[in-house]
Number of protein chains: 2
Amino acid sequence: MKIGNLARLTGLSVHTIRYYEKIGLLPDASRDAGGRRQYGMEIASWLTFLKHLKATGMGISDMVRYAQLRAEGPHTATARREMLEARQQTVLRQIEDLQATLPVLDQKINFYRDMEKAHVMEAEHATDTSKIPRIRQSGKRP
Amino acid sequence: MKIGNLARLTGLSVHTIRYYEKIGLLPDASRDAGGRRQYGMEIASWLTFLKHLKATGMGISDMVRYAQLRAEGPHTATARREMLEARQQTVLRQIEDLQATLPVLDQKINFYRDMEKAHVMEAEHATDTSKIPRIRQSGKRP
DNA sequence: GCTTGACCTAGAGTGCACTCTAACACTTAG
DNA sequence: CTAAGTGTTAGAGTGCACTCTAGGTCAAGC
């Protein structure tokens with residue numbers, strides 16, 4: 001597989017794949033006769049896993065560290081497991097932090113709803129629409 | 001309240017507060033006789049709300065837009081509510097995305113656990129420790 | 001034979017959100 | 001009176017993660 005193909009497959013840009021190789025996230029690719037990078041499927045799954053790590057908020061430098069451990073062989077299994085367990089914890093904390101923002105947003109949204117209602121009532125009063133019966137909209141009219 | 005005090009109160013740096021003013025996240029502060037910024041408590045709660053917006057992943061430019069709407073007055077209530085509702089949706093999506101990474105991490109962690117177990121067993125076999133009874137550690141010994 | 005398109009390199013540029021520097025002004029405690 | 005501390009400005013610098021440019025090579029189809 002050539003680099004453009006891998007890019008299409010993974011959703012990364014060709015530029016990004018070369019950049020990942022340069023910083024050590026990908027092993028130096030083998031080359032064809034013309035010097036072009038040749039990839040196998042295992043690189044696609046490695047990139048997919050990297051995308052998952054990225055989705056956890058892991059930074060490039062940690063991902064490089066993980067890639068180095070992986071390259072060192074099976075005796076780094078424990079170190080890698082510990083990195084992933086640490087990630088688990090940060091993901092859980094991130095979820096908590098995001099969840100904590102929801103009530104804040106909710107409260108403000110309701111505050112604005114009240115503001116809008118008051119604004120409408122004020123307008124109604126100002127133009128004396130209080131005696132004009134409100135039109136009830138029920139169901140959909142296309 | 002002077003800027004250093006506000007910084008301590010909100011956990012932001014003095015630099016950041018001035019930067020926020022420059023880009024329009026904070027109204028231009030009133031100054032004392034010596035030209036120093038003077039703040040009231042309402043700025044502290046505004047900054048706290050901005051921190052919540054930041055925690056939702058909102059970028060600076062959107063926060064500036066929100067601040068501008070706020071400065072324009074109550075007739076922008078609807079626009080502001082819509083911004084916050086959009087935020088709600090992105091927060092929910094972010095939570096989902098993070099939750100989706102958890103099984104991936106779990107799987108890999110278990111994979112490494114198995115790898116570690118296999119590694120230990122291999123080592124035991126190599127050094128023929130199979131007949132040496134394992135020491136059971138129960139409770140704590142300081 | 002020539003054009004097209006995919007690939008190559010080194011290195012420069014981008015956008016975000018700060019973060020810091022230099023050089024100076026003012027206030028307050030000892 | 002002076003030193004420490006806090007404030008001021010314009011503008012430069014930082015770190016991250018790409019993203020793009022210039023100038024080239026190479027293979028395949030017409």
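Naming: A, B, ... by sequence-line order, numbering from 1 per chain. Quick note: numbers below take in every heavy atom, side chains included, and nothing from hydrogens, waters or symmetry partners.
Dashed line: the shortest gap from a side-chain N or O of Arg31(B) to OP1 or OP2 of dT9(D) is under 4.0 Å. For dT6(D), neither phosphate oxygen OP1 nor OP2 lies less than 4.0 angstrom from any side-chain nitrogen or oxygen of Arg36(B). Put simply, Tyr20(B) has a side-chain N or O that comes within less than 4.0 Å of OP1 or OP2 on dC18(C). The shortest distance between the side-chain N/O atoms of Lys54(B) and the OP1/OP2 oxygens of dC16(C) is not below 4.0 Å.
Under a cutoff of 6.0 Å and an axis angle of 45°, Lys22(B) and Tyr19(B) do not form a cation-pi pair.
If you check every strand for non-hydrogen atoms under 4.0 Å, Arg18(B) touches a base. Counting any heavy atom pair closer than 4.0 Å across all strands shown, Ile23(A) reaches no nucleic acid atom.
One can place OH of Tyr19(B) at 18 Å from P of dT21(C), the figure rounded to the nearest angstrom. Between the CG atom of Asp32(B) and the C1' atom of dG7(D) there is a distance of 9 Å, rounded to whole Å. Rounded to a whole Å, the CD1 atom of Ile3(A) is 15 Å from the C1' atom of dG5(C). A straight line from CG of Asp62(B) to C1' of dA17(C) spans 14 Å, rounded to a whole angstrom.
Exactly one residue among Leu6(B), Thr10(B), Asn5(B) makes a side-chain contact (heavy atoms from CB on, under 4.5 Å) with Arg8(B). That residue is Asn5(B). Checking each of Ile95(B), Thr90(B), Leu92(B) against Leu98(A) for a side-chain contact (heavy atoms from CB on, under 4.5 Å) leaves exactly one that passes, namely Ile95(B).
With DNA chain D read from its 5' end, the first of the two nearest nucleotides for Lys22(B) and Thr16(A) is the one closest to Lys22(B). The nearest heavy atom of DNA chain C to Ile60(B) and to Lys2(A) marks one nucleotide each, and the one closer to the 5' end goes with Lys2(A).
Classification of the Tyr112(A)-Tyr66(B) ring pair by plane angle, with boundaries at 30° and 60°, yields perpendicular.
When distances are taken from the side chain of Arg37(B) to each of dT19(D), dC18(C), dT9(D), the shortest belongs to dT9(D).
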